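As structure tokens, the structure follows; a few thoughts come after it.
Quantities reported herein were computed from a predicted structural model and do not represent experimental measurements.
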Amino acid sequence: NAGVTQTPKFRILKIGQSMTLQCTQDMNHNYMYWYRQDPGMGLKLIYYSVGAGITDKGEVPNGYNVSRSTTEDFPLRLELAAPSQTSVYFCASRQGQDNQYFGPGTRLTVT
Amino acid sequence: AQSVSQHNHHVILSEAASLELGCNYSYGGTVNLFWYVQYPGQHLQLLLKYFSGDPLVKGIKGFEAEFIKSKFSFNLRKPSVQWSDTAEYFCAVNTKGGGNKLTFGTGTQLKVEL
């Protein structure tokens, strides 16, 4: 099992550009999550999904969108990148109440 | 709103010193509690978890944590730290409501010096 994979590992965007962060898990988990991690702030939940076709907003959803067309994939879309979106983004998946499994992260810089 | 507090933001210890990192949560119902570790440049990995039963739980790499319900606490301990324990440590609690979400603390940066 590869677990949770994310691409790309690093990306630099110009203000106003758009991009999609990819996340895939091969553990057949129902729950998937997107977090952003900023220094000293811990992890903030952006969006989550309880299964294919179902998504919901987390704590900091503004400026982001998600879709969940399959159990495996949960891409995160930034439509109009802003400097405030410079962060490290982690995808995670979970089965029931068990622990969350995290991907390796995407380091995004918006300049 | 539910919250998790980690009062120690930065901790510096010498090798072989004992470690205790505090974690308090605000939620009156049944909780599932977790400690995660993030080594430099890596993703979060599970150290240990508490769901029910013995309030003293043991995790990987010699870490343990004690759940004290009356104090809403879940402190992480290790009797003797190693240089390789240098990392950031996050406490998390399952969040009330749908989605099986976790609420994370802001993290404690541990540096172990030789």
Side-chain angles (χ1 to χ4, degrees), chain A residues 2-7 9-10 21 23-25 27 29-61 66 68 74 87-107, chain B residues 1-11 21 23-25 29-53 57 59-60 63 65 74 87-110:
Chain A
V4 180
T5 57
Q6 291 182 237
T7 56
K9 290 191 184 336
F10 304 94
L21 283 67
C23 174
T24 300
Q25 54 94 7
M27 297 173 282
H29 287 171
N30 288 330
Y31 299 94
M32 294 189 75
Y33 310 86
W34 273 107
Y35 295 92
R36 59 177 289 170
Q37 184 183 27
D38 300 295
M41 303 293 288
L43 278 79
K44 300 293 186 187
L45 182 65
I46 305 171
Y47 270 95
Y48 67 98
S49 170
V50 302
I54 306 169
T55 62
D56 208 346
K57 295 177 181 178
E59 192 179 353
V60 290
V66 293
R68 183 97 182 268
F74 190 42
S87 188
V88 181
Y89 292 85
F90 288 101
C91 179
S93 71
R94 187 181 193 189
Q95 188 64 18
Q97 299 267 317
D98 202 357
N99 60 291
Q100 291 189 6
Y101 292 83
F102 286 83
T106 295
R107 187 173 293 275
Chain B
Q2 194 162 345
S3 65
V4 177
S5 298
Q6 292 181 245
H7 303 294
N8 313 104
H9 299 296
H10 292 90
V11 173
L21 301 181
C23 173
N24 289 91
Y25 63 93
T30 301
V31 290
N32 298 334
L33 296 155
F34 305 83
W35 274 99
Y36 287 87
V37 60
Q38 186 178 30
Y39 297 104
Q42 296 189 27
H43 61 286
L44 275 77
Q45 304 168 47
L46 181 71
L47 265 183
L48 48 79
K49 60 186 178 184
Y50 172 79
F51 282 9
S52 64
V57 293
I60 60 171
F63 286 91
F74 190 54
E88 191 159 18
Y89 293 82
F90 293 92
C91 181
V93 62
N94 64 296
T95 304
K96 187 178 179 182
N100 274 334
K101 301 186 292 292
L102 292 179
T103 298
F104 285 85
T106 53
T108 296
Q109 191 74 248
L110 171 67

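For A:Y48 (side chain) and B:N100 (main-chain N/O), no donor-acceptor pair under 3.5 Å exists by modelled atom type.
No part of A:N30 comes within reach of chain B, as not one of its non-hydrogen atoms sits under 4.5 angstrom from that chain. Only the side chain of A:Q37 comes within less than 4.5 Å of a heavy atom of chain B; its backbone N, CA, C and O stay farther away. Neither the backbone nor the side chain of A:D56 comes within less than 4.5 Å of any heavy atom in chain B. Neither the backbone nor the side chain of B:Q45 comes within contact range of chain A; no heavy atoms are under 4.5 Å apart. With a 4.5 Å cut-off on non-hydrogen atoms, A:Y101 does not touch chain B at all.
With respect to chain B, the highest number of heavy-atom pairs below 4.5 Å among A:Y33, A:F90, A:Y35 belongs to A:Y33. When B:Q6, B:Q109, B:Q38 are compared by the number of non-hydrogen pairs under 4.5 Å with chain A, B:Q38 comes out ahead. Ranked by heavy-atom pairs under 4.5 Å with chain B, the first of A:V50, A:V88, A:L43, A:V4 is A:L43.
Between B:L102 and A:R94, some side-chain heavy-atom pair lies under the 4.5 Å cut-off.
Distance check: B:L44 CG to A:Q100 CD gives 9.5 Å after rounding to the nearest 0.5 Å.
For A:M41, the CE atom sits in a loose shell: 12 or fewer heavy atoms of surrounding residues, nucleotides or ligands are nearer than 6.0 Å.
Of all non-hydrogen atoms in B:Y36 and A:N99, the two that sit nearest each other are OH-CB, 3.5 Å.
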